[in-house]
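Inspection log for the structure reproduced underneath, given as C-alpha cells.
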Amino acid sequence: EVIRKRLLIDGDGAGDDRRINLLVKSFIKWCNSGSQEEGYSQYQRMLSTLSQCEFSMGKTLLVYDMNLREMENYEKIYKEIECSIAGAHEKIAECKKQILQAKRIRKNRQEYDALAKVIQHHPDRHETLKELEALGKELEHLSHIKESVEDKLELRRKQFHVLLSTIHELQQTLENDEKLSEVEEAQETTIDADPKP
C-alpha cells in the first residue's frame with residue numbers, strides 16, 4: 001500500500017520528492033550540527049543529494065526534449081504517411097482510369113477482330129473492282145446484243161407488215177378477179193340463153 005501511494009504521488013519522478021525531503025532534512029541537520037566534521041559530512045551528503053536532484057532534473061529535461069523531438073518526428077511521419085496515403089489514393093484513381101481505358105481498348109479490339117473476320121469472308125477491293133469491270137463489259141456486250149436483236153425484230157416486223165399488206169392486196173386482187181370472172185360467165189350465160197331473132 002505504501003509503495004502504491006508513493007508511485008501514485010511520485011508518478012514518473014523516480015523518487016524526486018524523497019530526494020527533496022532528504023535534502024531538506026540534511027539541511028536541517030547541517031544547520032543543527034555541533035561539530036565541524038559532522039557538518040562537513042552533512043554538507044557532502046547535501047551536495048551529493050543536490051547533484052542527484054540536478055542529474056535527475058537534467059535527465060528529466062533531456063527526456064522532455066527527447067519527447068518533444070519524438071513528437072515532432074511522429075508529426076513529420078504522420079504528415080508523410082498522410083501524403084503517401086493521398087498519393088496512394090491518386091495512384092488508385094489513376095489506375096482505375098487506366099483499367100477503364102484498358103477495358104475500352106480491349107472491347108474495341110474485340111470489335112475490330114469481329115469486323116476483321118467478317119471482312120475476311122468478303123473479297124478484297126481489287127478483286128471486286130475486277131469483277132465489276134468484267135460484269136460491266138458483259139452488260140455492255142449484252143446491251144449490244146439486245147440492240148441488234150431489237151433491230152432485227154423491228155426489221156422482221158416491217159417485213160411481216162409488208163408481207164401482210166401484199167397478201168391482203170393479193171387477196172383483194174383474187175377476189176376482184178373472181179368477181180369479174182363470175183360477171184363474165186353470167187353475161188355469157190345470158191347471151192347463150194337468149195334466142196337469136
Side-chain angles (χ1 to χ4, degrees), residues 4 7-8 10-14 58-189:
R4 189 168 151 275
L7 286 172
L8 286 173
D10 191 30
D12 291 334
K59 183 180 166 187
T60 305
L61 283 174
L62 288 173
V63 169
Y64 176 72
D65 289 339
M66 182 192 71
N67 286 337
L68 285 178
R69 284 196 298 274
E70 283 295 315
M71 282 182 67
E72 289 175 1
N73 189 27
Y74 288 146
E75 190 92 15
K76 184 179 175 184
I77 291 171
Y78 178 73
K79 286 179 181 176
E80 287 176 359
I81 291 171
E82 278 189 341
C83 289
S84 63
I85 288 172
H89 282 304
E90 289 177 3
K91 283 183 182 177
I92 289 170
E94 187 67 28
C95 289
K96 283 182 180 177
K97 287 180 184 177
Q98 289 177 356
I99 287 172
L100 288 174
Q101 189 175 2
K103 283 182 179 178
R104 195 178 310 117
I105 289 170
R106 184 179 173 199
K107 182 182 174 186
N108 289 342
R109 283 184 181 166
Q110 288 175 347
E111 289 178 1
Y112 295 154
D113 289 340
L115 286 173
K117 286 178 183 176
V118 171
I119 289 169
Q120 282 177 352
H121 290 300
H122 297 288
D124 62 352
R125 188 175 190 156
H126 187 64
E127 290 180 7
T128 306
L129 288 173
K130 277 186 179 178
E131 287 179 8
L132 281 174
E133 188 176 349
L135 288 172
K137 287 180 181 178
E138 189 177 347
L139 183 64
E140 189 176 349
H141 178 65
L142 290 173
S143 296
H144 288 308
I145 291 173
K146 182 184 174 188
E147 287 177 5
S148 65
V149 168
E150 284 179 353
D151 290 343
K152 281 183 183 178
L153 184 63
E154 186 65 29
L155 180 64
R156 297 293 183 257
R157 191 179 291 125
K158 288 177 182 177
Q159 288 174 347
F160 186 69
H161 182 68
V162 169
L163 179 64
L164 283 177
S165 299
T166 307
I167 290 171
H168 187 64
E169 288 176 6
L170 184 61
Q171 192 175 8
Q172 283 289 75
T173 306
L174 287 173
E175 285 178 3
N176 288 339
D177 285 347
E178 281 182 13
K179 285 179 184 177
L180 280 174
S181 63
E182 284 178 5
V183 170
E184 285 176 0
E185 282 180 10
Q187 284 178 355
E188 285 177 9
T189 315

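Note that these values count all heavy atoms, side chains included, but never hydrogens, waters or copies made by symmetry.
With values rounded to the nearest 0.5 angstrom, H168 atom NE2 is found 7.0 Å from Q171 atom CD. Distance check, rounded to the nearest 0.5 Å: CD of E131 to CD of E138 gives 12.0 Å. Taking CD1 of I81 as the reference point, atom OH of Y78 lies at 9.0 Å (rounded to 0.5 Å). Between the CD atom of E175 and the CG atom of L170 there is a distance of 10.0 Å, given to the nearest 0.5 Å. Note that the CG atom of L180 and the OG1 atom of T173 stand 11.0 Å from one another [nearest 0.5 Å]. If you take CG on L62 and NZ on K59, they are separated by 10.0 Å, rounding to the nearest 0.5 Å.
Between R69 and D65 there is a side-chain heavy-atom pair separated by less than 4.5 Å.
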Can you give me every donor-acceptor pair (side chain of residues 143-164, partner residue at least two apart or in another chain, under 3.5 Å) with its distance?
unit_1 : atom_1 : unit_2 : atom_2 : d
S143   : OG     : L139   : O      : 2.9
S148   : OG     : H144   : O      : 3.4
S148   : OG     : I145   : O      : 2.7
E154   : OE1    : R157   : NH1    : 2.7
R156   : NH1    : Q159   : OE1    : 3.4

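The side-chain hydrogen bond (donor to acceptor under 3.5 Å, both in side chains) analysis of residues 102-114, with sequence neighbours excluded, yields no pairs.
Qualifying side chain to side chain donor-acceptor pair (under 3.5 Å) partners for E127, counting only residues two or more places apart in sequence or in other chains: none.
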